[in-house]
Visitor: 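Have a look at this one.
All values below were derived from every heavy atom in this structure, side-chain atoms included, with hydrogens, water molecules and symmetry-related copies excluded.
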Amino acid sequence: MKNLFWCALLFVACQEPPQQESDESMFEWRAIEVTASAYNSVPWQTTEENSNIAAWGDTLKPGMKSIAVSRDLIRMGLTHNTMVKIGLWPDTFYVKDKMNRRWRNRIDIYMGLDIKKAREWGRKKIDICYAIPLDTINSENK
């Protein structure tokens, strides 16, 4: 009987935890068309010192899936660390940087040190989707 108890206890302990609500259901995804260009962490495109430090203080490293956004998009909800889907790319990008105040309705896709890749991307009008946490929406509606 004692062995049966320990076997049952072990069986229960090894069970997978209950499934939690998926991350996708915690957000409302909104779509918008923007002009997208690309940038690199080189001094002549950013700042002379610390060209890999973004506006919110994040350190950008080649390979990161991050973007900079124009300030009008920040007011629309594309704030620091917002998840963004760009066009048909399967990756999720994160807002890590802000663009100069002169830009409107734009994003800049971070392409590390690969200047050739950024130039090949050029400038395009594309659709993006960005995630707004439902708790933010619910608190705005109260």
Side-chain angles (χ1 to χ4, degrees), residues 3-142:
N3 286 342
L4 183 60
F5 170 75
W6 287 111
C7 286
L9 184 62
L10 184 60
F11 177 77
V12 170
C14 292
Q15 293 295 308
E16 290 184 6
Q19 291 293 324
Q20 293 184 352
E21 196 173 351
S22 74
D23 287 342
E24 293 292 318
S25 64
M26 296 171 58
F27 299 97
E28 176 183 306
W29 288 86
R30 296 183 181 171
I32 186 173
E33 184 183 62
V34 296
T35 300
S37 51
Y39 77 113
N40 309 101
S41 49
V42 292
W44 56 274
Q45 288 185 26
T46 55
T47 60
E48 286 295 323
E49 61 278 336
N50 298 324
S51 59
N52 62 330
I53 304 295
W56 277 292
D58 297 285
T59 301
L60 299 177
K61 297 176 185 161
M64 288 179 75
K65 301 295 182 188
S66 65
I67 63 171
V69 296
S70 57
R71 291 161 195 255
D72 60 324
L73 297 179
I74 294 170
R75 290 188 294 275
M76 293 176 61
L78 281 110
T79 59
H80 184 237
N81 285 328
T82 297
M83 292 186 293
V84 179
K85 299 279 190 177
I86 299 174
L88 298 175
W89 289 9
D91 302 315
T92 299
F93 290 76
Y94 293 88
V95 176
K96 296 288 185 183
D97 209 352
K98 303 175 196 177
M99 296 176 76
N100 187 294
R101 293 184 190 282
R102 73 176 175 259
W103 301 115
R104 297 281 178 265
N105 198 45
R106 289 186 68 140
I107 66 168
D108 241 352
I109 303 167
Y110 178 65
M111 296 197 176
L113 300 173
D114 194 341
I115 296 167
K116 182 180 177 190
K117 182 178 175 184
R119 286 186 175 150
E120 286 173 357
W121 172 263
R123 185 177 59 219
K124 305 173 185 186
K125 286 213 179 267
I126 60 169
D127 292 320
I128 65 169
C129 292
Y130 61 100
I132 302 291
L134 287 178
D135 58 352
T136 304
I137 296 168
N138 293 338
S139 66
E140 289 174 357
N141 292 335
K142 288 183 180 178

Visitor: Could you pull out the closest heavy-atom pair between N105 and E33, with the gap in Å?
Guide: ND2-O, 3.0 Å

Visitor: Of Y130, W29, Y94, which is the lone residue that meets side chain to side chain contact (heavy atoms under 4.5 Å, CB included) with V84?
Guide: Y130

Visitor: Quick check: closest heavy atoms across L113 and P62, and the distance to 0.1 Å?
Guide: CG-CG, 4.1 Å

Visitor: Measure the CG-CZ distance between L78 and R71 for me, rounded to the nearest 0.5 Å.
Guide: 14.0 Å

Visitor: State, with a plain yes or no, whether a side-chain heavy atom of M99 is found less than 4.5 Å away from one of R106.
Guide: yes

Visitor: Could you walk me through whether T92 and K65 pass the side chain to side chain donor-acceptor pair (under 3.5 Å) test, one step at a time?
Guide: CA-CA 7 Å; T92 299; K65 301 295 182 188; over 6 Å; no

Visitor: Answer whether the closest heavy-atom distance between the side chains of M76 and I32 falls below 4.5 Å.
Guide: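 They are in contact (side-chain heavy atoms under 4.5 Å apart), so the answer is yes.
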
Visitor: Check whether any side-chain heavy atom of L60 lies under 4.5 Å from a side-chain heavy atom of I53, and answer yes or no.
Guide: no

Visitor: Among all residues two or more places apart in sequence or in another chain, which pass the side-chain contact (heavy atoms from CB on, under 4.5 Å) test with I126?
Guide: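 Testing I126 for side-chain contact (heavy atoms from CB on, under 4.5 Å), a comparison that skips the adjacent residues, returns V34, A36, I86, I107, W121, K124, I128.
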
Visitor: Would a 4.5 Å heavy-atom cut-off, applied to side chains only, mark M111 and N40 as touching?
Guide: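 Side-chain contact under 4.5 Å: yes.
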
Visitor: What residues form a salt bridge (Lys or Arg N to Asp or Glu O under 4.0 Å) with K96, not counting sequence neighbours?
Guide: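 Checked K96 against salt bridge (Lys or Arg N to Asp or Glu O under 4.0 Å); matches are D58.
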
Visitor: Does any part of the side chain of F93, heavy atoms only, come nearer than 4.5 Å to the side chain of I109, both counted from C-beta?
Guide: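 Contact flag for I109/F93 side chains = yes.
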
Visitor: Quiz question: by atom type and distance under 3.5 Å, do the side chains of Y39 and D97 form a donor-acceptor pair?
Guide: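 Side-chain D/A pair, Y39 to D97: present.
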
Visitor: Taking the side chain from D72 and the backbone from R104, do they hold a donor-acceptor pair closer than 3.5 Å?
Guide: no

Visitor: With a 4.5 Å cut-off on side-chain heavy atoms, are H80 and V95 touching?
Guide: no

Visitor: Start with the C-alpha distance between K98 and V69, add both sets of side-chain angles, then the distance that settles side-chain contact (heavy atoms from CB on, under 4.5 Å), and finish with yes or no.
Guide: CA-CA 5 Å; K98 303 175 196 177; V69 296; 5.6 Å; no

